[in-house]
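First the proteins, then the strands, lettered A, B, ... as listed; each starts at 1. All figures in this text were calculated on a predicted structure; none of them were measured in a lab.
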Protein chains: 2
Amino acid sequence: MADPLDTVFSALADPTRRAILSMLLEDDMAVTDVADPFEMSLAAISKHLAVLGAAGLISQEKRGRVKWCKLEPDALRAASVWMQGFGQFEPVNLDAFERFLEGELGPDAQG
Amino acid sequence: MADPLDTVFSALADPTRRAILSMLLEDDMAVTDVADPFEMSLAAISKHLAVLGAAGLISQEKRGRVKWCKLEPDALRAASVWMQGFGQFEPVNLDAFERFLEGELGPDAQG
DNA sequence: GCCACATTCAACCGAATGGTTGACAATTCC
DNA sequence: GGAATTGTCAACCATTCGGTTGAATGTGGC
């Protein structure tokens, strides 16, 4: 799995990981706080964060005993550019984005 | 795996499938012709096409004994909108897209 | 020093993925 | 009708994935 597109797209393919990214849009978060809304173990969330980190979608910085997670949207750029080749999508449409976010986070955050 | 974003992103996570989509950008193709440049069996390509079809990224129509595959870029729209929320990416950048296409298809088409 | 907290590690498990092969079904051509 | 072509199905295999649990590692507070 050498191509960065592989890791980025496969990281995005999991609903838990997309929900985490959405949470990190709001603010940087500690691992424990990221895990809080989900119904799975902390270790599972830790693994998901590792996948997101390997894809470059987040960075993690340890301060004290807390590891902070930060969104790194640049990693999405390559994937976004790749996709845009397939349909001449209109530029940023934040209304539509809000609707998708609600669909992701509203009814069932852990997918 | 109910969310369409799951199926679209996980379909895009495989380099063979992305290469197939790139080929279908040029023109509609029969299954055998899609399989031709790859070093794997026809059955494997048939499975990949099924995954792309399930994600709505292609459609397949049988005419005679030949099944034609057609790109369906609309399925990418939801994913594209979702991603654009994470970075205010600039609108279509076809130069960058060309570079990525070459990276995908040039050195080693079967990834 | 000791206990609590934050996070990861290691081993394990079941299910899904990506590939193979060989048999099969449908269609066209002679 | 019979042979070749197109494509899928079914069974199988190795690997990866997403989750669990329990132990281990740092770090901070008292």
Side-chain angles (χ1 to χ4, degrees), chain A residues 1-21 23-24 27-55 57-70 104 108-111, chain B residues 1-21 23-24 28-55 57-70 108-111:
Chain A
M1 193 139 76
D3 194 320
L5 288 179
D6 292 12
T7 54
V8 170
F9 280 131
S10 98
L12 294 177
D14 185 278
T16 300
R17 288 194 289 264
R18 288 198 309 277
I20 291 174
L21 291 180
M23 291 163 60
L24 292 178
D27 219 339
D28 300 357
M29 294 177 79
V31 173
T32 304
D33 295 331
V34 169
D36 204 50
F38 297 97
E39 275 169 358
M40 67 184 71
S41 70
L42 185 60
I45 296 294
S46 178
K47 282 190 191 178
H48 280 303
L49 290 170
V51 171
L52 291 170
L57 290 165
I58 67 168
S59 59
Q60 291 181 285
E61 181 198 356
K62 194 165 182 180
R63 280 204 297 273
R65 63 181 165 182
V66 171
K67 202 166 188 180
W68 292 90
C69 306
K70 179 175 165 32
E104 288 275 304
D108 183 0
Q110 40 278 8
Chain B
M1 194 141 74
D3 194 319
L5 288 179
D6 292 12
T7 53
V8 169
F9 280 130
S10 100
L12 294 177
D14 185 278
T16 301
R17 288 193 289 263
R18 288 198 307 278
I20 291 174
L21 291 179
M23 291 163 60
L24 292 178
D28 300 357
M29 294 178 77
V31 173
T32 303
D33 296 331
V34 169
D36 204 50
F38 297 97
E39 274 168 359
M40 65 184 71
S41 69
L42 184 61
I45 296 295
S46 178
K47 282 191 190 179
H48 280 304
L49 290 169
V51 171
L52 291 170
L57 290 165
I58 67 168
S59 58
Q60 291 180 284
E61 182 198 356
K62 193 165 183 181
R63 279 204 296 273
R65 64 181 164 182
V66 172
K67 203 167 187 179
W68 292 90
C69 306
K70 178 175 165 34
D108 183 2
Q110 40 277 10

Do you know the tightest heavy-atom contact between [X] and [Y]?
X     : Y     : answer
B:L57 : B:A11 : CD1-CB, 3.8 Å
A:L12 : B:F9  : O-CD1, 3.5 Å
A:A35 : A:I45 : CB-CG1, 3.7 Å

Quick check for you: among [options], whose closest atom lies nearest to any side-chain atom of [X]?
X     : options                : result
B:T16 : D:dG7, C:dG19, C:dT8   : C:dG19
B:L42 : D:dG19, D:dT8, C:dT7   : D:dT8
A:K67 : C:dG19, D:dG18, C:dT7  : C:dT7
A:A44 : D:dG18, C:dG19, D:dT20 : D:dT20

Between A:R17 and B:A30, who's closer to the 5' end of DNA chain D by nearest nucleotide?
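Residue closer to the 5' terminus by nearest nucleotide: B:A30.
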
Enumerate the side chain to side chain donor-acceptor pair (under 3.5 Å) contacts for residues 43-52 of chain A, please, sequence neighbours excluded, ordered by first and then second residue.
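Applying side chain to side chain donor-acceptor pair (under 3.5 Å) to every pair that reaches into residues 43-52 of chain A, excluding sequence neighbours, yields A:R17-A:H48.
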
When the distance from [atom1] of [X] to [atom2] of [N] is rounded to whole Å, what number comes out?
X     : N      : atom1 : atom2 : value
B:M40 : C:dT21 : CE    : C1'   : 15 Å
B:I20 : C:dG18 : CD1   : C1'   : 12 Å
A:D6  : D:dT16 : CG    : P     : 14 Å
A:W68 : C:dT8  : CH2   : P     : 14 Å
B:I45 : D:dT6  : CD1   : C1'   : 15 Å
B:E61 : D:dT6  : CD    : P     : 18 Å
B:F38 : C:dG18 : CZ    : C1'   : 14 Å
B:L49 : D:dT6  : CG    : P     : 15 Å

Any residue meeting side-chain contact (heavy atoms from CB on, under 4.5 Å) with [X], in chain and number order, not counting sequence neighbours:
X     : value
A:D33 : A:M29, A:A30
A:A44 : A:M40, A:S41
B:T32 : none
B:V31 : B:L42, B:L49, B:Q60, B:K67, B:C69

Within less than 4.0 Å of OP1 or OP2 of C:dT20, is there a side-chain N or O belonging to B:S41?
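For C:dT20, OP1/OP2 do have a side-chain N/O of B:S41 under 4.0 Å.
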
Given D:dT8, is OP1 or OP2 found less than 4.0 Å from the side-chain N or O atoms of B:S46?
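The answer is yes; a side-chain N or O of B:S46 sits under 4.0 Å from OP1 or OP2.
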
Each nucleotide in nucleotides 9-14 of chain D should get exactly one letter: B, S or -. Can you fill that in based on protein heavy atoms under 4.0 Å?
B-B---

5' to 3', nucleotides 23-30 of chain D under a 4.0 Å protein heavy-atom cut-off (B base, S sugar-phosphate only, - none) gives ---BBS--

B:I58 and B:L24: side-chain contact (heavy atoms from CB on, under 4.5 Å), yes or no, with the steps?
CA-CA 9 Å; B:I58 67 168; B:L24 292 178; 3.7 Å; yes

Please name all residues satisfying side chain to side chain donor-acceptor pair (under 3.5 Å) with A:S59, sequence neighbours left out, ordered by chain then number.
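Result, side chain to side chain donor-acceptor pair (under 3.5 Å) vs A:S59: A:E72.
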
